[in-house]
Amino acid sequence: MEEAPKSLNFIEHIVEEDLKTGFPKEKLRFRFPPEPNGYLHIGHASSICLNFGLGLNYDSPVNLRFDDTNPAKEEQEYVDAIKEDVRWLGYQWDKECYASDYFQQLYDWAIMLINKGLAYVDSQSSEEMAKQKGTPTEPGTNSPFRNRSITENLELFDKMKQGDFEEGSHVLRAKIDMKSSNMLMRDPIIYRILHRAHHRTNTAWCIYPMYDWAHGESDYIEQVSHSFCTLEFAMHRELYDWFLDQVYDDGKVRPKQREFARRNFSHTVVSKRKLLQLVESGIVTGWDDPRMPTISGLRRRGYTAESIRNFVDTIGIAKRDNVVDVSLLEFHVREHLNKVSPRVMAVLNPVKVVITNYPEGQVEWLDAENNPEDEAAGNREVPFSRELFIEKEDFREEANKKFFRLKLGGEVRLKNGYIIKAESCTKDTDGNIMEIQCTYDPKSKSGSGTEESLRRVKGTLHWVSIEHAVPAEVRIYDRLFLDETPDAYKDRDFMEFINSNSLKTVTGYVEPSLKSSKVGDKFQFQRLGYFNIDLDSTPENMVFNKTVGLRDTWAKMQKKN
RNA sequence: UGGCCCAUGGUGUAAUUGGCAACACUCCGGUUUUUGGUACCGUCAUUCAAGGUUCGAGUCCUUGUGGGCCAACCA
């Protein structure tokens with residue numbers, strides 16, 4: 001058996017190339033560097049799987065590093081949530097790191113920059129500096145403070161650190177080139193004053209390093225060999241390298257930044273800012289609302305880590321703009337859940353069926369297969385009685401041959417039970433069907449082996465015994481946005497495209513075997529879809545989330561007509 | 001007036017680095033089925049444009065076109 005050589009994405013090619021040109025494999029080291037200012041979303045999954053996948057592939061350490069240089073936005077809650085999500089996705093980091101662990105080293109290096117004449121304290125307002133910065137098409141001009149003496153810079157920077165100055169009054173800038181075609185090289189700010197308590201260092205510092213200064217140096221301190229980030233940081237690479245030049249020692253690993261395209265997904269947004277807006281505006285109940293494209297939202301919705309990993313693997317890594325269709329994600333959950341989730345019966349939109357020739361008061365416990373895809377899943381028993389619920393959509397008084405379900409005078413198989421025939425129905429004054437009267441064939445019991453039981457009828461319905469069914473709250477979700485790319489319009493706000501009907505709550509009736517299940521348990525409600533038990537669920541009031549529906553060719557046929 | 005990046009079916013990615021353009025999803029059609037599910041089979045459909053190099057270009061070069069990013073004391 002030869003294995004087909006797995007094709008590599010361009011990032012993997014880069015690593016392979018480095019190995020081929022002499023980079024020692026044992027020095028390979030990667031990192032996943034989230035800022036703890038929000039929850040991880042499905043887009044982050046790509047980065048997580050890329051970095052940790054590389055680690056697994058090459059047997060290299062991968063650090064989890066929190067990029068916590070802005071105490072105004074970052075919180076411990078996010079740190080905890082991020083760690084949980086990465087673990088849940090199935091990955092183990094080598095070291096848990098924080099950029100804030102390096103504040104002292106970063107500060108010492110900043111002093112060195114000043115001493116080398118490569119950094120200065122600027123005492124202008126941000127507006128003044130913005131003016132001097134120029135535009136992408138026009139060069140900037142030098143700050144009047146650009147040529148302060150080293151001693152003065154040292155003195156001022158020390159006072160910044162001591163907390164002698166107000167926020168915004170001074171910054172430390174790198175002295176590079178105000179005329180560079182790269183705006184980031186026009187004397188970027190490396191430290192700003194922030195009188196804020198930090199989630200880890202508390203009030204020890206009142207100056208905080210900017211991203212560009214902190215990130216590359218953190219990579220260097222951790223001896224990360226490959227630092228992968230999204231495309232919008234491509235212009236930062238020049239600065240990343242410039243900063244590295246100032247501190248780099250021969251013999252150490254020099255980190256290499258490379259960029260890949262972030263993933264966009266249809267009918268949703270993946271930007272922590274926008275997700276935060278959904279949370280704060282109350283459109284969703286929280287970061288883990290099952291409609292959110294966050295890892296925690298997907299987990300609560302019933303997605304499995306395996307399905308997310310498979311999905312990420314399928315969409316790959318590249319550099320071009322993209323919008324990944326959610327149907328691909330849905331395909332992967334169905335694929336996994338189909339293999340692992342037990343089948344049960346639940347009726348979500350009930351109508352009563354009375355089997356008129358079934359003895360009153362009789363109950364039979366019928367044998368039911370838990371999962372046709374997995375023999376080891378075993379069997380269970382479901383109660384059958386004279387009065388049942390079936391789905392309203394499964395009955396019509398009259399219908400053509402294409403309708404395989406129950407109609408007056410027609411027969412249908414009740415899953416795991418008997419063949420029944422609809423004889424009549426009763427309606428209320430508005431014409432709504434209140435009850436369907438059926439007869440059953442006592443010899444047609446599933447699995448009994450009788451001639452009658454082997455009869456083939458076109459339709460098979462799921463059902464529950466009214467007397468035994470457990471009422472449950474069922475939350476049915478639709479996409480959060482009506483537009484495919486809600487945040488792709490320059491002249492319209494993404495909030496305009498909110499789907500106001502993204503959550504529908506119904507009372508469903510589930511078979512009694514579900515009473516013993518726990519939060520997070522996943523099931524296939526036969527003929528309906530995959531559902532799991534929400535964390536709001538209690539033994540008295542069970543709550544289910546619809547993860548995703550089954551593929552529904554019947555619904556497609558309906559749509560076409 | 002600038003700089004950087006990108007362009008392969010409807011969608012997302014491949015193509016042994018210059019050698020027969022393929023995989024998955026979607027769509028459509030069919031077979032099987034006590035889930036209109038699953039499984040299986042099949043159909044449609046692809047290299048942005050024009051030049052150039054070459055025996056040979058999706059891949060290299062030039063120009064053009066289209067798109068993205070760059071002017072937070074955010075990351």
Side-chain angles (χ1 to χ4, degrees), chain A residues 4-9 13 33-35 37 67-70 72-74 122 125-126 129-131 133-140 167-173 180-184 186 189-194 208 210-212 214-215 229-238 259 261 263 266 272-273 311 313-325 327-332 334-335 338-339 343 345 369 372-373 402-405 412-417 419 446-447 453-462 524-529 549-557:
Chain A
K6 193 189 175 297
S7 66
L8 305 178
N9 63 46
H13 278 295
E35 183 192 8
N37 66 341
D67 229 330
D68 57 348
T69 56
N70 185 359
K73 290 186 179 172
E74 294 149 7
D122 200 333
S125 67
S126 57
M129 283 194 283
K131 249 180 269 166
K133 192 129 194 183
T135 71
T137 54
E138 294 160 319
E167 287 187 12
S169 56
H170 305 270
V171 290
L172 186 72
R173 300 177 75 176
S180 172
S181 59
N182 182 351
M183 299 285 291
L184 288 154
R186 325 241 261 227
I189 293 173
I190 51 187
Y191 270 101
R192 78 291 212 184
I193 299 168
L194 247 28
Y208 290 92
M210 299 287 288
Y211 165 84
D212 289 295
H215 198 95
C229 59
T230 45
L231 240 33
E232 64 268 29
F233 291 98
M235 299 298 291
H236 293 246
R237 190 152 107 198
E238 192 180 356
E259 311 83 17
R263 260 56 185 73
S266 63
K272 280 189 275 186
R273 203 202 91 231
F311 166 71
D313 192 49
T314 302
I315 63 177
I317 295 282
K319 293 183 83 166
R320 53 176 167 168
D321 285 347
N322 58 82
V323 181
V324 180
D325 202 299
S327 65
L328 191 53
L329 217 205
E330 291 177 348
F331 165 79
H332 282 286
R334 287 196 192 102
E335 184 189 44
N338 174 53
K339 277 184 252 165
R343 273 61 170 168
M345 293 195 286
E369 193 181 16
E373 307 290 319
K402 290 275 185 70
F403 187 77
F404 302 159
R405 307 175 182 191
V412 92
R413 157 78 62 186
L414 292 178
K415 180 78 185 170
N416 305 314
I419 293 173
S446 289
S453 74
L454 298 172
R455 268 178 58 213
R456 314 184 78 189
V457 287
K458 192 65 187 163
T460 301
L461 304 187
H462 62 277
Q524 184 196 95
F525 287 1
Q526 275 188 316
R527 301 211 304 135
L528 295 176
L550 257 22
R551 263 186 64 211
D552 192 347
T553 49
W554 170 244
K556 266 181 209 160
M557 287 166 61

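Below, chains carry the letters A, B, ... as their sequence lines are ordered, and counting in each starts from 1.
If A/R551 and A/T460 are placed on RNA chain B by their nearest nucleotide, the residue sitting closer to the 5' end is A/T460. For the pair A/N322 and A/R527, nearest-nucleotide mapping onto RNA chain B gives the more 5' position to A/N322.
Rounded to a whole angstrom, the distance from the P atom of B/rA7 to that of B/rU11 is 15 Å. Atom P of B/rG56 sits at a distance of 15 Å from the matching atom of B/rC20, rounded to the whole Å. Taking atom P in both B/rG10 and B/rC61, the straight-line distance is 27 Å, to the nearest Å.
At whole-Å resolution of the value, CG in A/N9 and P in B/rU13 are 11 Å apart. The separation between A/L454 atom CG and B/rU33 atom P is 13 Å, rounded to whole Å. One atom, NE2 of A/H332, and another, C1' of B/rA24, lie 7 Å apart when rounded to the nearest Å. A straight line from CG of A/L8 to P of B/rA15 spans 7 Å, rounded to a whole angstrom.
In this structure, A/I193 and A/S169 approach most closely via the heavy-atom pair CD1-OG, 3.9 Å.
Contacts of A/E373 with the nucleic acid, taken as non-hydrogen atoms under 4.0 Å apart, include base atoms. Here A/Y211 lies in heavy-atom contact (under 4.0 Å) with a base. At a threshold of 4.0 angstrom between heavy atoms, the contacts of A/M210 are confined to the sugar-phosphate backbone, with no base atom among them. Using a 4.0 Å heavy-atom cutoff across all strands shown, A/F403 reaches at least one base atom of the nucleic acid. Backbone-only engagement by A/A318 is indicated by non-hydrogen atom pairs under 4.0 Å involving sugar-phosphate atoms exclusively. Nucleic acid contact class of A/S446 (heavy atoms, under 4.0 Å, all strands): base. Across all strands, A/E167 comes closer than 4.0 Å to no nucleic acid atom at all (heavy-atom distances). If you check every strand for non-hydrogen atoms under 4.0 Å, A/R343 touches a base. Among the heavy atoms of the strands lying under 4.0 Å from A/L550 is at least one base atom, whether or not backbone atoms are also near. Using a 4.0 Å heavy-atom cutoff across all strands shown, A/H13 reaches at least one base atom of the nucleic acid. Contact annotation for A/G447: base contact, defined as any heavy-atom pair under 4.0 Å involving a base atom. Using a 4.0 Å heavy-atom distance criterion, A/S327 is classed as a sugar-phosphate-only contact. At the heavy-atom level, A/F233 lies under 4.0 Å from base atoms of the strands shown. The residue A/K556 sits close only to the backbone: its heavy atoms come under 4.0 Å of sugar-phosphate atoms, none of a base.
Summarising the base pairing, B/rU35 is matched to no nucleotide, lacking a Watson-Crick or G-U wobble pair whose two defining distances lie under 3.5 Å. With both pairing distances under 3.5 Å, B/rC60 is matched to B/rG52 as a Watson-Crick or G-U wobble pair. A 3.5 Å limit on both hydrogen-bonding distances identifies B/rA22 as the Watson-Crick or G-U partner of B/rU13.
Between the side chain of A/E238 and the base of B/rG3, no donor-acceptor pair of N or O atoms lies under 3.5 Å. Between the side chain of A/H236 and the base of B/rA75, at least one donor-acceptor pair of N or O atoms lies under 3.5 Å.
With its glycosidic angle more than 90° from 0, B/rU47 is assigned anti.
For the residue pair A/N182 and A/S180, no side-chain donor N or O sits within less than 3.5 Å of a side-chain acceptor on the partner.
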